[in-house]
Structures are given as C-alpha cells and as structure tokens.
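What follows is one structure encoded as structure tokens, with my remarks underneath.
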There are 2 protein chains.
Amino acid sequence: MSSKTVDKALSILDVFTVETPTWGLRELARNLDMNHTIVHRILTTFEDKGYLYCNPETKKYELGIKFIELNNVVEEHLNISTMIQPIMKEIAVKTGESVVLTVLDEEEGVFVKIVESEQKVRFAESVGKRSALYIGASHKIILAHLPEELQNKIIDEGIESQSKHIPSKEKLMARLETIKREGWCFSEGETFDDVAACSVPLFDSKHQILGSLSIAGPKYRFSQQEGEEKLPALLENVEKLNSILSKVNFPSRRNYLTKKFI
Amino acid sequence: MSSKTVDKALSILDVFTVETPTWGLRELARNLDMNHTIVHRILTTFEDKGYLYCNPETKKYELGIKFIELNNVVEEHLNISTMIQPIMKEIAVKTGESVVLTVLDEEEGVFVKIVESEQKVRFAESVGKRSALYIGASHKIILAHLPEELQNKIIDEGIESQSKHIPSKEKLMARLETIKREGWCFSEGETFDDVAACSVPLFDSKHQILGSLSIAGPKYRFSQQEGEEKLPALLENVEKLNSILSKVNFPSRRNYLTKKFI
DNA sequence: AATCAGTGGTTCGATTATAGAACCACGGAA
DNA sequence: TTCCGTGGTTCTATAATCGAACCACTGATT
C-alpha cells in the first residue's frame with residue numbers, strides 16, 4: 001500500500017532532469033497529464049520545504065538546495081568520502097585515468113561516484129547519470145551478472161525502444177556470457193562518444209551483483225589492450241571495495257533479485 | 001495553499017540527517033508524533049520511488065540513491081562543475097587552502113561547494129552542512145548583511161537556544177557592523193574546532209546577500225594576519241563569481257528578503 | 001486599443017484518498 | 001509461557017484532495 005498523493009508528488013520531481021531542469025506550472029501539468037491545480041499545490045509544497053525553487057522572474061520551477069543537503073547525508077552514511085573515495089583515488093593514481101563507481105538501481109545503472117585523474121579529460125559532471133544496462137562497459141558488466149530471464153526482458157525492452165546499442169539479441173547475449181566468464185568488460189564510445197572504459201563487477205554480502213568499478217579515459221589513449229593492462233590495478237583494489245560495500249548495504253533498489261520477477 | 005499529505009511526507013524526510021541517518025518505523029513515528037500507519041504508507045511510497053531505502057536485514061530506513069541523482073541535476077543546472085568550481089579552484093591554488101561556497105537558505109547557512117587544497121586537511125564531507133548564521137566567518141558575513149530586524153530575531157533565537165557562539169547580543173551586533181563595514185570576516189574554531197576561515201560576501205542580481213565565499217584552513221597555519229594576506233586572492237575572484245551567480249538565480253529560500261518579516 | 005491565447009494562481013462542493021484504532025505475525029527477553 | 005517490542009495490514013468515518021470554473025495578468029496579433 002502506497003500513498004497516491006505522495007506518489008504523484010514524487011512523479012513530479014522525476015521530470016526535473018539534467019535535460020529539462022526547469023518547468024513552468026502549466027507546461028508541467030500538461031506533460032504529466034494532470035490538472036494544473038494539483039500540480040500547483042504540490043509544487044508549492046515542495047517549494048516551501050526547499051525541494052523546489054521557483055524563480056521569481058521567470059516563475060519557472062527548478063530543483064532546490066535541499067538536494068545538495070540530502071545528497072551529503074547519503075554520501076556521509078555510505079562513507080563515500082572517507083572509505084570508498086580513497087580506494088578509488090588509489091586506482092586513479094596508479095592508472096592515471098578516472099575511476100567510476102556504478103550501481104544497479106531497478107533495471108538501470110547509475111554513476112554514483114567518479115574520481116578524476118589529474119589529466120584533463122573530465123566527466124565528473126556525470127555523477128547521478130542513469131542509463132540502460134546494455135550501454136557501456138560499466139553497465140554491461142552488471143547486465144552480464146543478472147539472471148538470464150531479466151537479461152532477456154531488458155534486452156527486449158531495448159530492442160523495442162530501438163536502441164542503437166543492441167546489434168542483435170543473440171550477439172549481445174553471447175557477449176554477456178563471455179563477459180561474465182572473463183569477469184571484466186571493455187567498451188568504447190558507448191556512454192560517451194570519446195570515452196573508453198574497462199569494468200569489473202561488485203557484489204554485496206549475499207554475492208548478488210551490486211554494481212561495477214571502472215577505469216575510464218579518452219579513446220585515443222585507451223585501447224582494449226591498454227584497458228587490459230590496467231585491469232590488475234582494478235582487481236587489486238576491488239576486493240577491498242567489495243568488503244566495504246558488503247557491510248554498507250547500498251541503498252539502491254535491487255529487491256527483485258531476491259524475489260521472483262515476471 | 002499547500003498539500004498536507006506531501007508536507008507530512010517531506011517532514012519525514014527531514015529527520016534523516018548526518019547525525020541520525022537511519023530510522024525504524026515506530027521509532028520514527030514516535031519521534032514525529034504521528035500514527036505509525038501513515039508513516040509506514042509514506043515510507044513505502046518513498047521506498048518505491050528510490051528516495052528511501054529499507055535495509056532488508058535491519059528493516060531500518062535510510063535515504064536512497066535518488067538523492068545522488070537529483071543532486072547532480074542541481075549541480076549541473078547551477079553550472080557548479082563547469083563555471084563555479086574552476087574559480088574556486090583558482091583561489092585554492094593561489095592560497096594553498098580550501099575554498100568554501102556558502103549559501104543563505106531561510107535563516108541558516110548551507111555549505112554548497114568545497115574545493116580542497118592539495119594539503120591534507122580535508123573537510124569536503126561538510127558539503128550540505130547547515131548551521132545558524134552566528135557561527136563561523138562564512139555565516140557571520142552573511143548575517144552582517146541581513147536587515148537589522150532579522151539579525152535581532154536570529155540572535156534572540158540563538159540566545160534562547162543557549163548557543164555558546166553568542167557572547168552577548170551587544171557585542172555580536174557591534175561585531176556585525178564592523179564586519180559589514182570592512183566587507184570581510186575572520187573566525188577560528190567556530191564551525192570546526194581546528195579550522196580558521198576568512199570570508200567575503202556574495203550578492204545576487206538585486207544586490208541582496210546570497211551567501212559567502214571563504215578560504216579555510218587549519219588554525220595552526222591560519223592566523224588572522226595570514227587570513228588578511230589571503231584576502232586579495234579572494235577579492236580578485238569574487239567579482240567573477242558574483243557575475244556568474246547573478247545570472248544563475250540560486251535556488252535557495254530567500255524570499256523573505258523582498259517581503260516583510262515579523 | 002481591443003482581442004485572444006497563453007500564463008500563474010485561487011475557489012469550493014463532490015469525490016476519494018487518508019487517518020488511525022484495532023488487528024496480525026514475528027522475535028527476543030524474562 | 002508470557003510479555004513487550006517490532007514491522008506490517010485492514011477497514012470505515014472523516015478530512016483532504018480533485019478539478020471545473022474562475023481571476024488577473026502579460027504579450028502577441030489584429
């Protein structure tokens with residue numbers, strides 16, 4: 001049982017994305033197919049509480065300062081700064097490339113933490129980015145460790161949405177099997193055109209797939225072979241990370257892994 | 001007009017802080033003086049949407065992955081990574097100390113961004129931290145630029161809560177006047193025991209106080225005199241930052257500055 | 001300058017989701 | 001066993017929400 005009103009309210013928050021960060025009242029109501037009165041009431045409530053901010057000039061709404069605050073609570077609680085970041089930093093220093101922590105949430109992957117190399121290619125802005133599990137090494141390595149039925153479902157949905165990232169179902173399924181067997185994955189130009197990455201899986205205390213750890217850098221200095229060379233640096237540290245993560249119980253939605261799914 | 005149900009739901013979120021990041025159902029209901037049924041319904045709703053995570057072993061709730069995602073949307077929209085961070089970085093490099101961006105929200109100050117120096121004293125974990133305006137240089141410089149009636153109200157509330165940071169109202173008010181006249185503020189050991197800071201104010205497009213920019217470092221290498229020596233590096237860059245911030249319209253609650261207050 | 005179409009915002013009675021007492025089932029302590 | 005606590009569920013009186021219709025305003029278009 002779940003609250004319809006709160007559910008509606010949270011659905012409203014969901015449309016504030018990097019792509020569309022500001023919304024007018026009626027524009028938003030139209031988009032969500034809701035009566036503008038109720039949208040207005042909810043927006044006002046969020047605004048009062050600091051979750052949304054209404055620009056007084058444009059009268060458009062955007063996400064508020066509260067999310068900066070609450071993000072800190074999550075990071076603190078996960079010991080991201082004190083425990084996870086140092087390990088990622090060590091890998092970054094050793095390999096000279098950026099290190100990315102990705103987490104499985106529902107049926108997608110989310111970049112949770114990025115530690116940048118000293119080199120000038122930056123993509124820390126992508127923290128929080130969410131995308132389908134068949135895109136990029138960091139996501140594919142997760143997909144490879146999901147139950148086959150779920151892989152099927154996700155790939156079918158990808159084909160339906162005509163994703164350019166699925167050449168054919170058979171090829172992808174075969175690729176996933178190889179990835180799982182070998183325990184790592186390399187990709188280039190999938191999530192970002194000019195970026196290549198090399199990823200290994202992370203597991204929770206019940207040995208269920210939790211996410212992945214990746215090294216990422218610009219394509220021109222990151223071939224598959226160079227990726228393989230960096231693999232040891234990843235694998236050396238991934239155990240430490242796994243033991244931390246297994247104690248933490250990461251707050252992402254993976255309940256379906258223990259339940260039956262359709 | 002505001003939605004009671006959503007308001008209640010958001011009040012629940014508010015108790016998930018750095019100090020108390022996890023809550024059991026009944027514990028939470030007791031704390032908020034609410035019926036546990038309704039708390040349960042709201043918690044479930046948040047959980048479904050990824051805003052809360054219920055640890056399957058302990059059955060305790062904590063903030064979910066959604067806040068990492070939405071924090072990114074806020075930061076992206078504010079151009080924190082691309083525009084603000086480089087300026088802060090420049091100051092950090094020039095002074096060798098960490099640089100802190102603080103913003104006024106309602107009647108408190110919130111650390112919105114911290115760029116660390118290469119030196120080993122770290123307090124980036126404090127991003128999102130919220131505290132009263134009479135504590136620390138970064139907050140006092142904001143308080144000094146608020147209307148006198150509001151200063152009165154805030155200081156009175158501080159005295160009522162028996163804050164150790166207010167020696168006497170007269171002294172503090174006099175201090176605030178000096179700070180405002182001189183345009184900067186130094187403090188040590190207020191927000192953190194071993195940290196000193198030097199702060200200058202930031203204003204929005206309507207020349208209203210928006211927040212502050214600070215240099216902060218460990219007390220032993222950060223005397224008032226050393227703070228003053230670093231002041232030019234701050235002031236050189238604060239204009240650039242002000243011009244960026246005036247275009248951005250920062251999403252913090254400062255409506256009361258344009259309205260009457262009680 | 002008058003019209004129109006679009007905003008954001010408000011009102012109020014019919015409708016519908018919510019509130020909360022009472023209820024499980026479970027688990028640990030005495 | 002009993003007791004107290006927990007998380008979670010059920011059901012109906014009740015109170016909050018929904019939404020058509022309503023302002024007041026703005027900025028094109030005629």
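Reminder, nothing fancy here: chain letters follow the sequence lines and each chain counts from 1.
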Protein-nucleotide distance (A:Leu43, atom CG; C:dG8, atom P), rounded to Å: 10 Å
Candidate nucleotides C:dG9, D:dA16, D:dG7, ranked by approach to the side chain of B:Lys4 - the nearest: D:dA16
Non-hydrogen side-chain atoms of B:Thr22 and B:Tyr61 separated by less than 4.5 Å: no
Side-chain H-bond candidate by donor/acceptor type, A:Lys8 with A:Ser3, under 3.5 Å: no
Length of the line joining A:Glu57:CD and D:dT26:C1', which is rounded to integer Å: 16 Å
Contact under 4.0 Å: A:Lys8 side-chain N or O vs D:dT17 OP1/OP2: no
Interatomic distance, A:Met1 CE vs C:dT16 C1' [rounded to whole Å]: 12 Å
Distance-only polar pair, side chains of B:His139 and B:Thr102, donor-acceptor under 3.5 Å: no
Side-chain donor or acceptor of A:Ser212 paired with backbone N/O of A:Ser138 under 3.5 Å: yes
Sugar-phosphate, base or nothing in reach of A:Ser3, heavy atoms under 4.0 Å: sugar-phosphate
Interatomic distance, A:Leu28 CG vs C:dG8 P [rounded to whole Å]: 10 Å
Side-chain donor or acceptor of B:Glu160 paired with backbone N/O of B:Glu157 under 3.5 Å: no
Protein-nucleotide distance (A:Asp33, atom CG; D:dG19, atom P), rounded to Å: 10 Å
First of A:Gly24 and B:Asn35 reached from the 5' end of DNA chain C, by closest nucleotide: A:Gly24
B:Thr37 side chain, from C-beta outward: closest of D:dA16, D:dT10, C:dG9: D:dT10
Between P of C:dA17 and CE of A:Met34, the distance in whole Å: 13 Å
Sugar-phosphate, base or nothing in reach of A:Lys60, heavy atoms under 4.0 Å: nothing
Short side-chain N/O contact to D:dG7 OP1/OP2 from B:His40, under 4.0 Å: no
Side chain of B:Arg30 - closest among D:dT17, C:dG8, D:dT6: D:dT6
C:dG9 base / A:His36 side chain donor-acceptor hit below 3.5 Å: yes
Minimum-distance nucleotide (side-chain atoms of B:Arg26 versus C:dA17, D:dT6, D:dG19): D:dT6
Selected nucleotide, minimal atom distance to A:Tyr61 side chain, candidates D:dC18, C:dG9, D:dG8: C:dG9
Whole angstrom value for the distance that separates C1' of D:dA20 from CD1 of A:Ile38: 14 Å
Under-4.0 Å side-chain N/O to phosphate OP1/OP2 contact, A:Thr5 with C:dT18: yes
Length of the CZ-P vector between A:Arg41 and C:dT11, whole Å: 13 Å
